[in-house]
Amino acid sequence: MIWIVVLAALIVFAALAFNGRGFLAWIAGVGVWLLGWRLTGIAHPSLFAACVIVALAAAAVLGLPFLRRQLVSRFVMPAFAKVLPRLGDTERIALEAGTVWWDGDLFGGMPDWNKLLAFQPAPLSAKEQAFIDGPVEELCRRLNDWDVYQQRDLPPEIWDFIKRERFLGMIIPEEHGGLGFSAIGHSRVVTRIASRSVTAAVTVMVPNSLGPGELLLHYGTDEQKQKYLGRLARGEEIPCFALTGPEAGSDAAATQSEGIVEKRVIDGVEVLGLRLNWKKRYITLAPVATLIGLAFRLKDPNRLIGDKTDRGITCALIPRSTPGVEIGLRHDPMGVPFQNGPIVGKDVFVPLDDAIIGGRAQIGRGWRMLMESLAAGRSISLPALSIGASQLCTRICGAYATVREQFDTPIGRFEGIEEPLARIAGLTYLMTATRDLTCGALDAGEKPAVIGNIAKAYLTDSMRQVVADAMDIRAGSAIQRGPRNALARAWDAVPIGITVEGANILTRSMIVYGQGAIRCHPFVQKEIDAVAKDDLAAFDRAIFGHANLFVTRAVRAKLLAWTGSRLAATPRAEDTRRYYQHLSRFSAAFAILSDTAMGVLGGSLKRREKISGRLADALAYLYLASCALKRYHDEAKTRPNHALARWSVELCLYRIQEALLGVLDNLPVRWIGTLMKLAIFPLGARFRPPSDRLGAEVARDILEDRDARRTLTADVFVPPANEPGLGALEAALDKAVRAIPIETKLRDAVRAGTLDRAPGYMLDDLGVAAGVISGAEYDTLNEARDARDEVIAVDAFEPDVYRTLH
Ligand SMILES: Cc1cc2nc3c(=O)[nH]c(=O)nc-3n(C[C@H](O)[C@H](O)[C@H](O)COP(=O)(O)OP(=O)(O)OC[C@H]3O[C@@H](n4cnc5c(N)ncnc54)[C@H](O)[C@@H]3O)c2cc1C
């Protein structure tokens, strides 16, 4: 009998806690237990009464805030303050930038899938579509990336075209003369150009990302906007943004560039200005820039503008022609010839009010400006470059693995090739899905900083995998550089994507989870703020909310783990419902593991980057999987799309599992790790990477299903058939596909003994002579073979020409 009572109490508690009702769950659970105890006569009336009094007292202490504050929170708060991570100002600003969106749901452990599926990303506007079909197509048609490499710059007519068509003003509103594009419009433009030329894509990308244009738009004074935005939109000013210096790379806030406030008399007039000294490097577009956005530390040793001498990081605009600016040298970033170089400023004097972006009101607010801009910007530029390269690889490899034969078989039929092909296609699907949802969020007014960091780091990293796989598939023909080989140029650019806008190791191991833990967690920020302000009431609300959340998520994670995620609610009529359930389970598991890691490691979690890096992986793949499911929900339910969605989500589930297990295995307090493992993975590690069969399905789709391949690579610019490289490859693929049934006829004849075994052309001759194939079929075969010979050919150069190559 006693067990029935206990079980009933547990069921009530678990049911309520599972649905996020923590405090109610405790009260109801204890209430049912006491009642059952009494009704079944197990408890003596006086014992029952004593228990009720104790339970009521406990409920009163925990449920009545004024009692709880005095009896519990007052003592917890000082202990809590000791374990909080110590954050510097710049760190705090970086962590606080941007908004929280779907990442908040994933972090909270109970994602509302219906909310995600109801979200409608804005489609491309008619104007954006017309721009992609018009000027973007034309730019891609005119670009010859091999020539760009040899000339070490875009040709002057391409520069003119880019400026004239206002590619440099995509983010500048129409009223200032720009194109006023949405995030998705901007991203799709950069993606398509990147599939043609990384040099051109970076050139277009930089003025549209963090830099003078964006900073002026958000923080500039009216005069500054009037003066510069139109000129920037029309390409009359070429901007660059100089943050990085030799001493300040990842730790950009450590900049030693400085501007001293001082007065000078110029033409008989006293001018309050800044004397700037700086050394910057790696600055994209610097060699050709006319307007330099500069981040520096502003100092006012003579207190000319206030009481403080060190006013903090500030952003200013410096015209190239200002005396003391040394600019024009070029770096050589992996041989990719976009403009990139150092800038030095020696005693550069500029009027203070004109130069500082936003005027005096924005002195010392530079770091906040940069972090806020990057919160949105990281979702666009590098992800777009990565998707351009990955879609190009998908397009090239899908065709090449059909056209290229070895051992008398198209190489795509070998299982060994299927594996990387599936990775290329699956990751490209996942990356594009992430781009679409993330840009949708930006266009809806969000600035999701954690998601932006995830998109930057995990999409560039996926691109590295995709490009490496593509190189392996094309093998020798990927290695021999020349006009035919676009892959080699994509390969050159991989480390650039990994490094810029926050190098990936730093972003993964420190920023994604560090920022997530503070921004996305429903209570941590409130706790930190309450401790900082010594606000006991706010601390009490936050800490008990947190405890409540932990209990409910722990129950949820455990119940979902034990039931194979089956208890999780899913959106209706989805053929991917099990994936939603597994992600709900992992979201709850992530929530309690994250709390546990914070509890066990306290402030030292900041330094335990291997732990926080794995937590970042779990959060990132929760997000990426959400994007894949959302994409599949919104798109045509074709079989190839279904296979790609399954492949993507299964990869993410596996990676989430590995990340969580990695944290559990490495928690310094071993018994907590073991207990948590029992709760989160009671049946062990059950998730596997996508199966061979699923991989084969995905790979076959990009080899054999032309529509599937086209849909997956919709952003790629496809050159005309007479152009070596992708153009010729596409044409060869058409011919190869027409030849496949004829080749099958010949093979069947060999198998049946009607024809002798013979290699390639000789078998065709034998086949037509023996009447196995017709003359027209023979011609089709020949055409296909000629086209194949053309696309498997690689470039070779006269020694004199070779010496001049880049
Ligand atoms: C081609 C190119 C273009 C660029 N364009 C611009 C530009 O236009 N404007 C501009 O201002 N800058 C630009 N940059 C600079 C770029 O943003 C920096 O290179 C980048 O921030 C990293 O700095 P770093 O190269 O000095 O590496 P470092 O800071 O020296 O880092 C070295 C390694 O240590 C890791 N690391 C550092 N700190 C941590 C940590 N706390 N935890 C874990 N790992 C850590 C990093 O991830 C990296 O792997 C560009 C760079 C390149 C290569």
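Just follow the structure's listing: the first ligand is 1, and inside any ligand the first atom is 1. Just so you know, residue 1 is the first one in the sequence shown, and it goes up from there.
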For residues 348-358, run the donor-acceptor check on the side chains, cut-off 3.5 Å, and write out each pair with its distance to 0.1 Å, sequence neighbours left out.
{"unit_1": "Asp353", "atom_1": "OD1", "unit_2": "Arg360", "atom_2": "NE", "d": "3.0"}
{"unit_1": "Asp353", "atom_1": "OD2", "unit_2": "Arg360", "atom_2": "NH2", "d": "3.4"}

Looking at ligand 1, would Ser509 count as a contact under a 4.0 Å heavy-atom criterion? yes
Right, does atom 11 (O) of ligand 1 have protein non-hydrogen atoms nearer than 4.0 Å? yes
Is the closest N or O pair between Phe338 and ligand 1 shorter than 3.5 Å? no
Is it true that a side-chain atom of Lys447 and a backbone atom of Gly377 form a donor plus acceptor pair closer than 3.5 Å? no
Hey, do the aromatic rings of Tyr458 and Tyr623 have their centres closer than 6.0 Å? no
Look at Arg152 together with Asp332 and state whether they make a salt bridge at an N to O cut-off of under 4.0 Å. yes
Within the structure, does Arg281 bring an N/O atom to less than 3.5 angstrom of an N/O atom in ligand 1? no
If you measure every N/O of Asp251 against every N/O of ligand 1, is any gap under 3.5 Å? no
Of all the atoms in ligand 1, which lie at a distance below 4.0 Å from a heavy atom belonging to Met510? 41 (N)
Any donor-acceptor N/O pair, Trp367 side chain to Thr90 backbone, under 3.5 Å: yes
Is the number of heavy atoms from other residues, nucleotides or ligands under 6.0 Å of Asn666 CG greater than 12? yes
Does the pair Arg423/Asp469 count as a salt bridge with the N-to-O cut at 4.0 Å? yes
Right, does atom 20 (C) of ligand 1 have protein non-hydrogen atoms nearer than 4.0 Å? yes
Salt bridge (charged side-chain N to carboxylate O under 4.0 Å, His left out) against Arg489, all qualifying residues, sequence neighbours excluded: Asp145
Closest protein heavy atom (residue, atom, distance) for atom 44 (N) of ligand 1: Ile505 CG2, 3.7 Å
Six-ring centre of Phe161, Arg142 cation under 6.0 angstrom, axis tolerance 45°: yes
For ligand 1, the portion of Ile496 having any non-hydrogen atom under 4.0 Å away: side chain
Nitrogen or oxygen of Thr244 less than 3.5 angstrom from that of ligand 1: yes
Residue and atom name of the nearest protein heavy atom (relative to atom 9 (N) of ligand 1), distance in Å to one decimal: Phe241 O, 2.8 Å
How long is the straight-line distance from OG1 of Thr322 back to CD1 of Ile318, given to the nearest 0.5 Å? 6.0 Å
Glu501: numbered ligand 1 atoms lying under 4.0 Å from its heavy atoms: 17 (O)
Residue, atom name and distance, where the atom is the protein heavy atom closest to atom 24 (P) of ligand 1: Gly249 CA, 4.0 Å
Taking only heavy atoms of Thr499, which atoms of ligand 1 are found under 4.0 Å from at least one of them? 19 (O), 20 (C)
Within 6.0 Å of NZ in Lys606, more than 12 heavy atoms from elsewhere: yes
Closer than 4.0 Å and a protein heavy atom, does any atom meet both conditions relative to atom 30 (O) of ligand 1? no
If we only count N/O pairs under 3.5 Å, is Val500 in contact with ligand 1? no
Where is the nearest protein heavy atom to atom 4 (C) of ligand 1: which residue, which atom, and how far? Tyr282 O, 2.9 Å
As an exercise, identify every atom of ligand 1 less than 4.0 angstrom from a heavy atom of Ile283. 7 (C), 8 (O), 9 (N), 10 (C), 11 (O)
Ligand 1 to Leu243, heavy atom cutoff 4.0 Å, flagged ligand atoms 10 (C), 11 (O)
Is a side-chain donor or acceptor of Thr244 paired with a backbone partner of Ala242 at a separation under 3.5 angstrom? no
Within the 4.0 Å heavy-atom shell around Glu609, which atoms of ligand 1 are there? 40 (C), 41 (N), 42 (N), 43 (C)
Among Ala503, Ser250, Gly293, Ala457, closest by heavy atom to atom 28 (P) of ligand 1 is Ser250
